[in-house]
Number of protein chains: 2
Amino acid sequence: MNTLSYGLLSLLAQSSFSGYDLMLRIQPFWPAKHSQIYPLLAKLEQDDYIRFELVSQRDKPDKKVYSLTGKGQEALKDWFDQPTAEPALRDEMMLKVFCMSYAKRESARKMLADRLTFHEEQRLKYESKLVELKGRADWPEAGLPEPSHPLFGAYLLTRKAIMSNETNTEWCRWVLSLLPESD
Amino acid sequence: MNTLSYGLLSLLAQSSFSGYDLMLRIQPFWPAKHSQIYPLLAKLEQDDYIRFELVSQRDKPDKKVYSLTGKGQEALKDWFDQPTAEPALRDEMMLKVFCMSYAKRESARKMLADRLTFHEEQRLKYESKLVELKGRADWPEAGLPEPSHPLFGAYLLTRKAIMSNETNTEWCRWVLSLLPESD
DNA sequence: TCGCGCATGTAATGTGTTACATGATTGT
DNA sequence: ACAATCATGTAACACATTACATGCGCGA
């Protein structure tokens with residue numbers, strides 16, 4: 001049982017999902033390709049942490065809809081009390097920034113401008129996710145969900161994503177302001 | 001040549017470092033253990049991107065001090081104009097937050113409090129790094145370095161680290177305020 | 001004297017990506 | 001026609017961690 005395994009159980013604690021759904025939903029928190037997810041799900045199913053139901057769809061391929069077993073729920077609870085690993089960020093851009101004084105001005109500006117766009121788009125994405133969450137949930141109009149609400153965690157993470165993207169956007173703009181166009 | 005390889009070259013563009021130094025300095029931007037770094041350095045040396053000089057020390061083990069070759073400098077410049085990969089963040093805490101409504105209140109509070117401490121400590125660390133940078137460099141008292149200054153990148157990254165840690169600190173405090181102690 | 005920091009390396013194992021494979025439906 | 005989305009899987013390879021291995025000097 002590695003972190004990705006617990007992550008999948010964690011998503012399944014909310015609701016049932018297909019492998020494809022899980023793959024898409026875990027991306028923001030733990031990047032993983034379908035080629036890693038599918039074998040893991042098979043293993044978790046074999047070890048009785050999760051079970052699946054075959055669902056036939058019209059107009060779409062059949063899918064396996066996974067849900068937590070009792071053992072899976074127990075595993076999740078135990079995991080929660082284990083020490084939590086520190087976050088690991090890997091960002092090629094930061095390595096490039098390190099030697100930026102040796103690069104062409106326009107290369108640097110382009111890299112920063114691309115990253116700025118990325119963070120602005122991410123921010124928009126998570127802001128609409130927040131709206132969607134507010135629609136699905138039934139918390140008071142003040143906008144503050146109860147800690148016991150199943151969507152509480154998703155709300156916190158969406159806010160976190162928005163905050164991080166705002167900060168990164170601000171940083172990109174600041175750096176660009178220090179790098180005037182040289183034409 | 002993978003991202004970590006370029007990262008090592010990137011650090012060596014600033015100044016010469018031992019493998020041990022490189023291992024410590026690359027952590028904030030690209031986590032990697034010494035067991036990954038040493039063989040990579042040997043390979044980069046064999047391929048003529050870097051060279052080393054054996055330095056004997058009193059009271060400390062001998063070390064290999066690496067520096068960039070001409071080929072290494074060329075490689076760095078080419079790399080800078082290549083498209084930059086998106087950042088990848090892996091954070092076990094975010095996965096735990098997702099199913100927080102199913103966990104014990106005190107477990108959740110402890111996890112958040114630990115993370116809060118982590119980000120506060122990181123912020124202090126990077127703030128002293130900023131002071132150290134200002135001491136080493138000779139940019140105007142206004143505090144704004146020139147983009148051509150060799151420490152320009154390090155300055156930008158240190159500011160970035162401080163900003164991110166502040167934002168994360170703020171998020172942790174906010175979440176804790178939503179999770180009153182239940183005793 | 002016990003652990004930590006400096007300093008380097010290898011071997012075994014675990015994690016993650018890319019490529020290979022298939023196939024229907026929907027929108028451009 | 002062509003690409004994208006949904007949907008699942010395997011195989012080969014690349015990347016990363018843990019454990020094994022050594023050894024000196026310094027401070028508690």
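Keep in mind that this is a model prediction, so the values were computed, not measured. Chain letters run A, B, ... following the sequence lines, proteins first and then strands; every chain starts at 1.
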Novice: How long is the line joining CG of A:D21 and C1' of D:dA7, in whole Å?
Specialist: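 Going from CG in A:D21 over to C1' in D:dA7 covers 10 Å.
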Novice: For C:dC6, take OP1 and OP2 only and decide whether either is under 4.0 Å from a side-chain N or O of B:Q57.
Specialist: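 False: B:Q57 side-chain N/O out of range (4.0 Å or more) of C:dC6 OP1/OP2.
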Novice: Name the atoms and distances for all side-chain donor-acceptor pairs under 3.5 Å in residues 83-99 of chain A, with sequence neighbours left out.
Specialist:
{"from": "A:T84", "atom 1": "OG1", "to": "B:K96", "atom 2": "NZ", "distance (Å)": "3.0"}
{"from": "A:R90", "atom 1": "NH2", "to": "B:P31", "atom 2": "O", "distance (Å)": "2.7"}
{"from": "A:D91", "atom 1": "OD1", "to": "A:M93", "atom 2": "N", "distance (Å)": "2.9"}
{"from": "A:D91", "atom 1": "OD1", "to": "A:R115", "atom 2": "NH1", "distance (Å)": "3.4"}
{"from": "A:D91", "atom 1": "OD1", "to": "A:R115", "atom 2": "NH2", "distance (Å)": "3.0"}
{"from": "A:D91", "atom 1": "OD2", "to": "A:R115", "atom 2": "NH1", "distance (Å)": "2.8"}
{"from": "A:E92", "atom 1": "OE1", "to": "B:A85", "atom 2": "N", "distance (Å)": "2.9"}
{"from": "A:E92", "atom 1": "OE2", "to": "B:W79", "atom 2": "NE1", "distance (Å)": "2.8"}
{"from": "A:K96", "atom 1": "NZ", "to": "B:W79", "atom 2": "O", "distance (Å)": "3.1"}
{"from": "A:K96", "atom 1": "NZ", "to": "B:Q82", "atom 2": "O", "distance (Å)": "2.8"}
{"from": "A:K96", "atom 1": "NZ", "to": "B:T84", "atom 2": "OG1", "distance (Å)": "3.0"}

Novice: For A:D114 and A:T117, run side chain to side chain donor-acceptor pair (under 3.5 Å): C-alpha distance rounded to whole Å, both residues' side-chain angles, the deciding distance at 0.1 Å, then the answer.
Specialist: CA-CA 5 Å; A:D114 287 351; A:T117 304; 5.5 Å; no
Novice: If we ignore hydrogens and angles and just use 3.5 Å, is the side chain of B:T69 paired with the main-chain N or O of B:Y49 as donor and acceptor?
Specialist: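 It does hold such a pair.
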Novice: Could you list who else is in B:V65's hydrophobic cluster, with ILVMFWY side chains joined at under 4.5 Å, directly or through other members?
Specialist: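 Besides B:V65, the hydrophobic cluster comprises B:V55, listed by chain and residue number.
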Novice: Can you tell me the distance, in whole Å, between the CG atom of A:L22 and the C1' atom of D:dT8?
Specialist: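 From A:L22 CG to D:dT8 C1': 13 Å.
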Novice: Grab the CD1-P distance between B:I26 and D:dA16 for me, whole Å please.
Specialist: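 Going from B:I26 (CD1) to D:dA16 (P), I get 10 Å.
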Novice: So which pairs with a foot in residues 53-68 of chain B pass salt bridge (Lys or Arg N to Asp or Glu O under 4.0 Å), sequence neighbours left out?
Specialist: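 Listed once each, the pairs would be none.
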Novice: Would you mind reporting whether B:I26 and B:L4 have side-chain heavy atoms less than 4.5 Å apart?
Specialist: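 Heavy-atom side-chain distance check passes, below 4.5 Å.
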Novice: Where the side chain of A:Q27 meets the backbone of A:M23, is there a donor-acceptor pair that is under 3.5 Å apart?
Specialist: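 Checking the backbone N and O of A:M23 against the side chain of A:Q27, a donor-acceptor pair under 3.5 Å is found.
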Novice: Does B:F17 have any ring pair (Phe, Tyr, Trp, His ring centres under 6.0 Å) partners at least two apart in sequence or in another chain, and if so, which?
Specialist: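 None.
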Novice: Between atom CZ in B:F52 and atom P in C:dT8, what is the gap in whole Å?
Specialist: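 Atom CZ in B:F52 sits about 10 Å away from atom P in C:dT8.
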Novice: B:Y66: which residues meet the ring pair (Phe, Tyr, Trp, His ring centres under 6.0 Å) condition with it, sequence neighbours left out?
Specialist: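 B:Y66: ring pair (Phe, Tyr, Trp, His ring centres under 6.0 Å) contacts with B:F52.
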Novice: Please list, chain by chain and in numerical order, all residues satisfying side-chain contact (heavy atoms from CB on, under 4.5 Å) with B:E127, sequence neighbours excluded.
Specialist: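 Listed in chain order: B:R123, B:I162, B:E166.
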Novice: Using whole Å, report how far CG of B:D62 lies from P of C:dT8.
Specialist: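 Between P of C:dT8 and CG of B:D62: 9 Å.
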Novice: Give the rounded distance in Å between these two atoms: CG of B:L54 and P of C:dA7.
Specialist: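 For the pair B:L54 CG and C:dA7 P, the rounded distance is 13 Å.
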Novice: Hey, does the side chain of B:K71 reach the backbone of B:D47 with a donor-acceptor pair shorter than 3.5 angstrom?
Specialist: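 Looks like yes, one N/O pair under 3.5 Å.
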Novice: Quick one, which residues of residues 37-49 of chain A touch DNA chain C with a heavy atom under 4.0 Å?
Specialist: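 Output list: empty, so none.
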Novice: Over how many whole Å does the gap from B:Y6 atom OH to D:dC15 atom P extend?
Specialist: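 Whole-Å distance recorded here is 12 Å.
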Novice: To the nearest Å, how far apart are A:E86 CD and D:dT17 C1'?
Specialist: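 Between C1' of D:dT17 and CD of A:E86: 15 Å.
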Novice: To the nearest 10°, let me know how far the axis at one end of the helix from C:dT1-D:dA28 to C:dT28-D:dA1 is tilted from the axis at the other, five pairs an end.
Specialist: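 Roughly 40° between the end axes, to the nearest 10°.
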Novice: Check the interface with nucleotides 2-4 of chain C: list each N/O to N/O pair with the protein under 3.5 Å, or write none.
Specialist:
none

Novice: Protein within reach of the bases, or only the backbone? For nucleotides 16-28 of chain C, mark each nucleotide 5' to 3' as B, S or -, using heavy atoms under 4.0 Å.
Specialist: BBBB---B-SS--
Novice: Does A:A13 offer a backbone N or O that forms a donor-acceptor pair with the side chain of B:Y102 under 3.5 Å?
Specialist: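 Yes, the answer is positive, given that a donor and an acceptor are paired below the 3.5 Å cut-off.
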Novice: What residues, two or more places apart in sequence or in another chain, satisfy ring pair (Phe, Tyr, Trp, His ring centres under 6.0 Å) together with A:Y20?
Specialist: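 With sequence neighbours excluded, A:Y20 shows a ring pair (Phe, Tyr, Trp, His ring centres under 6.0 Å) to no residue whatsoever.
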Novice: Which residues satisfy the ring pair (Phe, Tyr, Trp, His ring centres under 6.0 Å) test with A:F152, sequence neighbours excluded?
Specialist: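 Partners of A:F152 by the ring pair (Phe, Tyr, Trp, His ring centres under 6.0 Å) criterion come out as none, since no residue qualifies.
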